[in-house]
Protein chains: 2
Amino acid sequence: MRSTKRYGKKIDLALNVWVKLTRAYVTFHKLSEENIRSFGLTGPQFSVLESLGHLGPMTTGVLCKKQLVSGGNMTVVIDNLEKEGLVERIPSTEDRRAITIRLTPKGKRLFDEIFPQHAEYIAKLTSVLPEEEQVKLAELLKKLGTTLAARF
Amino acid sequence: MRSTKRYGKKIDLALNVWVKLTRAYVTFHKLSEENIRSFGLTGPQFSVLESLGHLGPMTTGVLCKKQLVSGGNMTVVIDNLEKEGLVERIPSTEDRRAITIRLTPKGKRLFDEIFPQHAEYIAKLTSVLPEEEQVKLAELLKKLGTTLAARF
DNA sequence: CATAATTATTTCAAATTTGAACAATTCAAA
DNA sequence: TTTGAATTGTTCAAATTTGAAATAATTATG
């Protein structure tokens, strides 16, 4: 950390956290994305399938909040999944502005097939840390993420 | 974590680490990016200024490795910084394929002005964790990131 | 009830990023 | 040497993402 040693102890520590968070995330993300591509899906497509597969049908807006992406982007992602016949748009019964997205049977089959494989891969990557460190890391990251989201 | 409780203890734990890493990173990144925009720079532009400001002139290729982005992208980022008069391209003396990028005086002045401000902001964000947790988190993230990069 | 403000989604243009193709250069081995 | 493989940076096309309208529907307020 030679590059971040000139701003006082507190700031150096904070910069170090941020740098390490970025490196760990980017490296992990590239590997995960690569694995997802091998299933013929993009990362965002996979994330949508995962949300729908685990939590059931939900509206476009809820999907946006879950993945923290813009609405314009989500429309495109859903368009592409729809073209592949993996999801379908159903007008919401309660709110006629809203559209419910759900897996088609084909989408459900694909999800059931590839999600466990991808989960195995994630576990392989994560296993570079022993389990007790994984627990600690998840706990700290959760605290950081939720507190930031709540406070800023 | 209702959505990730059906694949066995080890896999659930790994998925949890990955989900929390993603949330913490994306949330932090959006806030940091927003702050950088307030200085009239994009995130990648700021990162290049930071590398050059802290470590001195370096080639395009080294910048790519530091920021983990593609060469095509780095060319555009440097083009834009050059248009603003913040960096300049110098043909490398040792390797005539390579081009050294360095800050102009204007770039150096901007860097000296805004980096401490941004560092303060990062410290404000990070301060949602007490210092001993920051130390622990940085340590775990470093281990995760470096081991992944070395092993996969 | 009527009007305004908010919310959900889509459309569109612009910015960003990647990856492949390419030109120039370096390096290593025959 | 010199041939060929690898590396450096750029260009280009395509994919991705965002953010700002635009549209439609709902909710709140007077």
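Within every chain, numbering begins at 1; the chains are lettered A, B, ... in the order of the sequence lines, protein sequences first and strands thereafter.
- Taking for each of A/Thr42 and B/Met74 the nucleotide of DNA chain D with the nearest heavy atom, the 5'-most of the two is the partner of B/Met74.
- Between the side chain of B/Arg97 and the base of D/dT7, at least one donor-acceptor pair of N or O atoms lies under 3.5 Å.
- The CD atom of B/Gln67 sits 4.5 Å away from atom OG of B/Ser47, with the distance rounded to the nearest 0.5 Å.
- Atom-to-atom, CD1 of A/Ile78 to P of C/dT11 comes out at 12 Å; the value is rounded to the nearest Å.
- The distance between atom CG of B/Leu68 and atom P of C/dT17, rounded to the nearest whole Å, is 13 Å.
- Here the C1' atom of nucleotide C/dC27 and the CG atom of B/Asp95 are 10 Å apart, to the nearest Å.
- Annotation: of the two residues near DNA chain D, A/Arg96 and A/Gly71, the 5′-most nearest-nucleotide partner is A/Gly71.
- Listed pair B/Asn73 / C/dT16 fails the phosphate criterion, with no side-chain N or O lying under 4.0 Å from OP1 or OP2.
- Between A/Asn80 atom CG and D/dT17 atom P there is a gap of 10 Å when expressed in whole angstrom units.
- When the P atom of D/dT17 is taken as reference, atom CD of B/Glu33 falls 14 Å away, rounded to whole Å.
- Using cut-offs of 30° and 60° on the angle between ring planes, the pair B/Phe46 and B/His118 is perpendicular.
- Among the nucleotides D/dT17, D/dG9, C/dT9, the one closest to the side chain of A/Thr75 is C/dT9.
- Going from atom CD1 of A/Ile90 over to atom P of C/dT9 covers 14 Å, rounded to whole Å.
- Nucleic acid contact for A/Thr60: sugar-phosphate only, since backbone atoms but no base atoms lie under 4.0 Å from a heavy atom of the residue.
- Distances shown here put a side-chain N or O of B/Thr59 below 4.0 Å from the OP1 or OP2 atom of D/dG9.
- Contacts of B/Val69 with the nucleic acid, taken as non-hydrogen atoms under 4.0 Å apart, involve only primed sugar atoms and P, OP1 or OP2.
- Of the candidates C/dT17, C/dT16, D/dG9, C/dT16 carries the atom nearest the B/Arg37 side chain, counting heavy atoms from C-beta on.
- The pair B/Lys136-B/Glu139 meets the salt-bridge criterion, with a side-chain N (NZ, NE, NH1 or NH2) lying under 4.0 Å from an Asp/Glu carboxylate O.
- Salt bridge status for A/Asp112 with A/Lys108: present, with a side-chain N to carboxylate O gap under 4.0 Å.
- When distances run from any side-chain atom of A/Ile99 to the nucleotides C/dG19, C/dT10, D/dT10, the shortest one goes to C/dT10.
- In this structure, the side chains of A/Glu88 and A/Ile101 stay at 4.5 Å or more apart for every pair of heavy atoms.
- Rounded to an integer number of Å, the gap from B/Leu81 CG to C/dT16 P is 11 Å.
- If you check every strand for non-hydrogen atoms under 4.0 Å, A/Gly61 touches sugar and phosphate atoms only.
- Atom-to-atom, CZ of A/Arg89 to C1' of D/dA24 comes out at 16 Å; the value is rounded to the nearest Å.
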